[in-house]
Protein chains: 2
Amino acid sequence: MDQRHATALKAAGMKATPKRLAILEMLEAEPGYASPEELWKRLKDRFDRLGLPTVYRNLEELSESGVLSKVIHPNRQLYYYFCSNREHHHHFVCLSCRKVEDIPSCGIEALEHEVSKRNGGKVLSHILQLNGLCGGCADNEEKR
Amino acid sequence: MDQRHATALKAAGMKATPKRLAILEMLEAEPGYASPEELWKRLKDRFDRLGLPTVYRNLEELSESGVLSKVIHPNRQLYYYFCSNREHHHHFVCLSCRKVEDIPSCGIEALEHEVSKRNGGKVLSHILQLNGLCGGCADNEEKR
DNA sequence: ATCCTAAAACGAAATCATTTCTATTTAGAG
DNA sequence: CTCTAAATAGAAATGATTTCGTTTTAGGAT
């Protein structure tokens, strides 16, 4: 089951260490995004020694490799999310329960093209994230 | 000339203090985005007393009121940009010279609608920002 | 014009998420 | 099984941002 993760790590040119595998397992099991510290607290039990910096470092590296994705949060803390979707896509983030849903098509290619054409600039990356309430949380909201 | 800014502040329900006006003037004169500390350093000369926390607080308040806009930066520090465009729009940010250009149409309404329909969620806000090199910086890049 | 009060600003100190640093351990190629 | 570059530990540092109690001020009311 984590042969998948081991393979993903190798593909990203990273060693498949037990801690990295555990981080991936834990995040994959998570229904929503999680912070480095939250993950660390839960992971500590499974290792006699596990430093918080290790969790930070790995989450960042995994996110750079595209194995994990980062959530942009108003409180400016770091949150990560396991997303097996390897296509280009974006996320709808529930502000209430932290669930993250994929948004398949982003339609930004057209915008990028327009920007390049209009001002001669070159678009290197883009950030797109929808924030709101997921189906379940929106329902609960209404019942109040 | 800053009667405009005073009016904008009043409209946002904020007092038109000299320091707020100075912050707005300075940011408006700026070709690109700026950090709280940068603004503070330049503004200090114009007031016998000006605290960095005051600059932070005002930038945040002004951004919440929609008078200023915030830039999402990879280094996770705060940057602000004066944008007189009152229509809904987004920004193309030059990673090299900090210039910010408006992107008029964002086409996200369609995405929002799709998300609501598909999963029953409610989209409350969205983040969209293009990063890259502006026309001038892209040209310089090529000449190297 | 002056008064008055809520809002704004001071600035030193605190916060605290994130990063750095050096020594130690380990994955995995050979 | 060895060896080396990569990964980790853990304590300590960092530094942008925020807090707090006090003082000042903008601007509506008098």
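Values below: every heavy atom of this structure, side chains too, minus hydrogens, waters and symmetry copies. Letters go in sequence order (proteins before strands), and every chain restarts at 1. Here the structure is a predicted model, which means the values were calculated and not measured.
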(Q) In whole Å, I'd like the distance from the CG atom of B:L52 to the P atom of C:dA13. (A) 16 Å

Q) Is any side-chain nitrogen or oxygen of A:N58 closer than 4.0 Å to OP1 or OP2 of D:dA7? A) no

Q | Of A:R57 and B:E37, the one whose closest DNA chain D nucleotide lies more 5' | A | A:R57

Q) OP1 or OP2 of C:dT19 sitting under 4.0 Å from any side-chain N/O of A:Y56? A) no

Q. Does A:V93 offer a backbone N or O that forms a donor-acceptor pair with the side chain of A:H91 under 3.5 Å?
A. no

Q: Let me know, please, whether B:P53 or B:P18 comes out on the 5' side of the other along DNA chain C by nearest nucleotide.
A: B:P18

Q: Between D:dA16, D:dG27, C:dT18, spot the one nearest the side chain of A:P36, thanks.
A: C:dT18

Q. Nearest nucleotide by nearest heavy atom, which residue falls closer to the 5' end of DNA chain D, A:E61 or B:T17?
A. A:E61

(Q) Rounded to whole Å, please give me the gap between CG in B:L24 and P in C:dA8. (A) 14 Å

Q | Test item: A:W40 side-chain N/O and A:P53 main-chain N/O as donor-acceptor pair under 3.5 Å | A | no

Q: Report the C-alpha separation of A:N58 and A:E60 in whole Å, then their side-chain angles, then the decisive distance to 0.1 Å, and conclude whether the side chain to side chain donor-acceptor pair (under 3.5 Å) test is met.
A: CA-CA 5 Å; A:N58 278 313; A:E60 181 57 26; over 6 Å; no

Q.
Base, sugar-phosphate or nothing for B:R76? Non-hydrogen atoms, less than 4.0 Å.
A. sugar-phosphate

Q. Could you state the CD-P distance from B:E64 to C:dA7, rounded to the nearest angstrom?
A. 16 Å

(Q) Both B:K15 and B:L50 contact DNA chain C. Which one's nearest nucleotide lies toward the 5' end? (A) B:K15

Q: Rounded off to whole Å, could you give me the CD-to-C1' distance for the A:E60 and D:dA7 pair?
A: 16 Å

Q) Looking at B:Y79, is B:K70 sitting on its ring face, NZ or CZ under 6.0 Å from the six-membered ring centre and within 45 degrees of the normal? A) no

**Q.** OP1 or OP2 of D:dT8 under 4.0 Å from side-chain N/O of A:R49
**A.** no

Q. Could you give the CG-to-P distance, from A:L21 to C:dT26, as a whole number of Å?
A. 15 Å

Q) Whole-Å distance between D:dG10 C1' and A:W40 CH2? A) 10 Å

Q) Hey, is the side chain of B:R20 poking within less than 4.0 Å of OP1 or OP2 on C:dA8, counting only N and O atoms? A) yes

Q) So do A:K99 and A:C134 actually touch side chain to side chain, heavy atoms under 4.5 Å? A) yes

Q. Any side-chain N or O of A:T54 less than 4.0 Å from the OP1 or OP2 oxygen of D:dA7?
A. no

Q.
Can you measure A:Q77 atom CD to D:dG15 atom C1' for me and round it to whole angstrom units?
A. 16 Å

Q. To the nearest Å, how far apart are B:D48 CG and D:dT23 P?
A. 18 Å

Q) Counting only side-chain N and O atoms of B:K19, is one of them less than 4.0 Å from OP1 or OP2 of C:dC10? A) yes

